[in-house]
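Here the structure is laid out as structure tokens; the discussion comes afterwards.
Residue numbers begin at 1 in each chain, while the letters A, B, ... track the order of the sequences. Atoms considered below: every heavy atom in the structure, side chains included; atoms not considered: hydrogens, waters and symmetry mates. These figures come from a predicted structure and were not determined experimentally.
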2 protein chains.
Amino acid sequence: MKIGDAANAAGLPVKTVRYYADIDLVAPPRADNGYRDYDAADVKRLSFVGRSRAFGFSVAECRRLLTLYDDDSRASADVKAIAEEHLAALDQKMAELATLRAELSAIAKECKGDAGARCPIIDHLAGA
Amino acid sequence: MKIGDAANAAGLPVKTVRYYADIDLVAPPRADNGYRDYDAADVKRLSFVGRSRAFGFSVAECRRLLTLYDDDSRASADVKAIAEEHLAALDQKMAELATLRAELSAIAKECKGDAGARCPIIDHLAGA
DNA sequence: CTATTCTTTCCAGTTACTGGAAGGTCAAGA
DNA sequence: TCTTGACCTTCCAGTAACTGGAAAGAATAG
């Protein structure tokens with residue numbers, strides 16, 4: 001199966017699939033003509049990565065997950081650990097954004113937002 | 001004032017200050033010896049950028065904000081527009097993260113996280 | 001006068017692709 | 001058979017915003 005078909009089946013751009021091959025994430029063998037030769041298992045792995053990425057896992061995390069995916073005798077605890085690690089990271093990021101949002105919102109509220117030059121937002125950013 | 005002192009006064013790493021000079025964000029003149037020569041206004045601008053970055057504004061947004069900061073006759077509406085644009089972006093990102101978090105959390109809950117191989121997380125990622 | 005601390009430039013790496021150029025391969029149609 | 005077009009290949013560059021490090025010149029303290 002050529003890269004175009006594999007990418008199509010996995011719902012990923014060809015460029016991305018090629019990239020995953022370059023970084024040895026999902027690296028199929030080559031056919032005689034030099035073309036990458038994907039099989040059904042490769043497509044499954046590509047789809048797996050695609051879904052993992054959609055959940056916000058980094059490529060490094062995808063690599064670990066893929067290893068566990070391939071390992072029939074993994075402990076589900078190992079998978080869950082990665083997931084919870086990721087959940088914690090999501091929580092932290094959300095908390096950071098919420099703080100930022102709240103502070104910026106409070107400052108923005110003070111600004112009239114008219115044609116006048118006086119601007120509490122600028123003042124705050126300037127350290128007033 | 002040399003870059004080290006300016007960076008110190010602005011609370012930024014020297015590397016970052018040099019980077020800002022490279023991209024013409026805060027670009028001081030050069031002294032005879034070739035050293036960048038910062039004055040008090042430059043330090044203020046650096047601090048301004050530092051605070052803006054801390055609020056999550058991109059460097060591109062900082063550039064716009066800096067222009068407005070420098071313009072005594074700006075309309076506060078222009079500043080507020082950037083701030084609200086940024087608030088909207090923050091809201092969107094937070095919503096995305098919240099969705100991700102909820103979905104992943106729901107899936108993770110199904111996983112026992114023990115020594116067994118059966119793992120609903122993997123199953124979900126595999127598209128089951 | 002020297003040792004240390006600055007400063008300079010430039011190159012590379014980070015994350016996860018994405019776009020584009022130049023060129024090889026293959027299947028179908030005239 | 002020839003050609004056209006769709007596909008494949010590699011490699012280079014760019015994205016965002018730095019950060020680390022190397023090599024070399026400048027300044028300063030003792």
**Request:** Check step by step if side-chain contact (heavy atoms from CB on, under 4.5 Å) holds for A:L25 and A:R45.
**Result:** CA-CA 9 Å; A:L25 187 61; A:R45 290 160 59 79; over 6 Å; no
Check residues 91-106 of chain A and write down every donor-acceptor pair under 3.5 Å in which the side-chain atom is one partner and the other belongs to a residue at least two apart or another chain.
from	atom 1	to	atom 2	distance (Å)
A:D91	OD1	B:R101	NH1	2.6
A:D91	OD2	B:R101	NH1	2.6
A:Q92	NE2	A:E96	OE2	3.4
A:T99	OG1	A:A95	O	3.0
A:R101	NH1	B:D91	OD1	2.5
A:R101	NH1	B:D91	OD2	2.6

**Request:** Indicate the atoms forming the closest heavy-atom contact of A:G113 with B:S76, along with that distance.
**Result:**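 What the structure gives for the nearest pair is N-OG, 3.3 Å.
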Would you be so kind as to tabulate the donor-acceptor pairs closer than 3.5 Å made by side chains of residues 32-42 of chain B, with sequence neighbours excluded?
from	atom 1	to	atom 2	distance (Å)
B:N33	OD1	B:Y35	N	3.0
B:D37	OD1	B:M1	N	2.8
B:D39	OD1	B:A41	N	3.1
B:D39	OD1	B:D42	N	2.9
B:D42	OD2	B:D39	N	3.1

**For A:S58, side chain to side chain contact (heavy atoms under 4.5 Å, CB included) partners two or more places apart** =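 Per chain and number, A:S58 pairs via side chain to side chain contact (heavy atoms under 4.5 Å, CB included) with A:A60, A:E61.
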**Request:** Would you check, one step at a time, whether the test side-chain contact (heavy atoms from CB on, under 4.5 Å) holds for B:V59 with B:V49?
**Result:** CA-CA 8 Å; B:V59 166; B:V49 171; over 6 Å; no
To the nearest 0.5 Å, what is the distance between [atom1] ([X]) and [atom2] ([Y])?
| X | Y | atom1 | atom2 | answer |
| --- | --- | --- | --- | --- |
| B:R51 | B:C62 | CZ | SG | 12.0 Å |
| A:E85 | A:L90 | CD | CG | 11.5 Å |
| B:H86 | B:S52 | NE2 | OG | 9.5 Å |

**Prompt:** Of all of residues 47-63 of chain A, which get a heavy atom below 4.0 angstrom from DNA chain D, listed by number?
**Reply:**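 Those residues whose heavy atoms fall under 4.0 Å from DNA chain D, taken from residues 47-63 of chain A, amount to none.
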**Request:** Mind listing the residues from residues 17-42 of chain B sitting with a heavy atom below 4.0 Å of DNA chain D? Number order is fine.
**Result:**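 Result for residues 17-42 of chain B: B:Y19, B:Y20, B:N33, B:Y35, sorted by number.
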**Counterpart residues, ring-ring contact (aromatic ring centres under 6.0 Å, His included), relative to A:Y69 (two or more places apart)** =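 Counting only residues at least two positions away or on another chain, A:Y69 forms a ring-ring contact (aromatic ring centres under 6.0 Å, His included) with A:F48.
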Considering only distance and modelled atom types, tabulate donor-acceptor pairs under 3.5 Å from the side chains of residues 16-23 of chain A, sequence neighbours left out.
none

**Request:** Sort and list the pairs that fulfil salt bridge (Lys or Arg N to Asp or Glu O under 4.0 Å) and have at least one residue in residues 105-115 of chain B, not counting sequence neighbours.
**Result:**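 Sorted pair list comes back empty.
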**Prompt:** Just the endpoints, please: which first and last nucleotides of DNA chain D, 5' to 3', lie under 4.0 Å from a heavy atom of chain B?
**Reply:**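 On DNA chain D, the outermost contacted nucleotides are D:dA17 to D:dA27.
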Cut-off 3.5 Å, no hydrogens considered: what does the side-chain donor-acceptor table look like for residues 115-128 of chain A, sequence neighbours left out?
none

**Request:** Figure out the NZ/P separation between B:K15 and C:dC10, and round it to whole Å.
**Result:**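 Rounded to whole Å, this separation is 12 Å.
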**Asked** Looking at five pairs on each end of the helix from C:dC1-D:dG30 to C:dA30-D:dT1, what is the angle between the two axes, given to 10 degrees?
**Response**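 One end's axis against the other's: 30°.
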**Item:** pair B:D78-B:D71: side-chain heavy atoms closer than 4.5 Å
**Value:**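 Answer no - side chains too far apart.
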**Item:** B:F57 backbone acceptor or donor facing B:R53 side chain under 3.5 Å
**Value:**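 Side chain of B:R53 to backbone of B:F57: a pair is present.
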Are there any protein N/O atoms within less than 3.5 Å of an N/O atom in nucleotides 2-5 of chain C, and if so, which ones and at what distance?
none

